[in-house]
Amino acid sequence: MIELYLFVDPTCSDCAESERTIARLSKQLPCKTSYRIIPIMNLSVISGNKEAHSQLLPYKLILDYKAALFQGAKKGRKFLFALQRDILEKNMTYCDSLVYSIAKQVKLDMDMFKEDRRSKLTESTFKSDQKTISEMNISNHGNLVIFDCDSADNGLLIDKVDYHELFEICSHIIQKESQELDDKIKQTSNLRVL
């Protein structure tokens with residue numbers, strides 16, 4: 001199994017494109033693949049600086065995404081992709097009515113979503129993501145970390161998401177896993193299939 005961790009600024013169009021690339025890649029690989037989209041932002045924006053409202057947008061958007069994730073990873077990603085499409089491509093303004101419209105569109109439980117949007121648990125998951133970012137030494141949005149779950153090897157950090165390059169890297173990992181499995185089977189040649 002391959003795990004992908006994509007670190008994004010949800011208000012960045014390049015990151016939105018990287019998210020779509022990772023979603024496409026995970027569907028086309030011939031092995032089990034999971035991926036997480038982890039929002040990254042500068043914590044000084046939310047920790048006491050009285051900056052402009054536009055700098056708080058990523059934080060609010062991230063909390064909305066985290067709240068949507070409580071109803072399932074697929075619904076959470078659909079919510080994020082739709083919100084990014086409306087804000088980045090259609091130039092719509094982030095507001096509660098837009099957020100609720102998209103939440104309904106992706107079939108979120110509205111009562112639960114409204115409760116989760118600004119809950120302490122949602123803030124806690126955001127802070128946990130920021131801790132993960134720090135532990136993995138992620139410095140830029142758009143970074144991707146690939147883990148081969150069947151190997152004790154460390155993760156691979158990639159600076160820029162490119163579909164063809166990622167497909168080649170993941171194919172190499174899959175081929176390596178297949179070869180290791182063949183070697184294990186050969187070592188147990190005394191077993192018979194009944």
Can a donor-acceptor pair be found, under 3.5 Å and without considering hydrogens, that links the side chain of S124 to the backbone of K120? no

Taking D109 first and then K104, would you say they form a salt bridge - that is, a charged N and a carboxylate O separated by under 4.0 Å? no

Does any N or O in the side chain of S171 come within less than 3.5 Å of the main-chain N or O of F167, such that one atom is a donor and the other an acceptor? yes

Output yes when a side-chain donor or acceptor of Y65 lies under 3.5 Å from a complementary backbone atom of I37, and no otherwise. yes

Determine whether the aromatic ring centres of residues Y59 and F126 are separated by less than 6.0 angstrom. yes

Would you kindly check if the NZ (Lys) or CZ (Arg) of R20 is within the cone defined by 45 degrees around the ring axis of F81 and under 6.0 Å from the six-membered ring centre? no

Side-chain donor-acceptor pair under 3.5 Å between Y94 and D64, yes or no? yes

Side chains of Y163 and E165, donor plus acceptor under 3.5 Å: no

Does a donor on one side chain and an acceptor on the other come within less than 3.5 Å for Q84 and E89? no

One thing to verify: whether D116 and K66 come together as a salt bridge, which I'm taking to mean a side-chain N less than 4.0 angstrom from a carboxylate O. no

Would you find a donor on one side and an acceptor on the other, under 3.5 Å apart, between the side chain of T132 and the backbone of S128? yes

Would you verify whether the NZ or CZ of K114 falls within 45 degrees of the ring axis of Y100 while also being under 6.0 Å from that six-membered ring's centre? yes

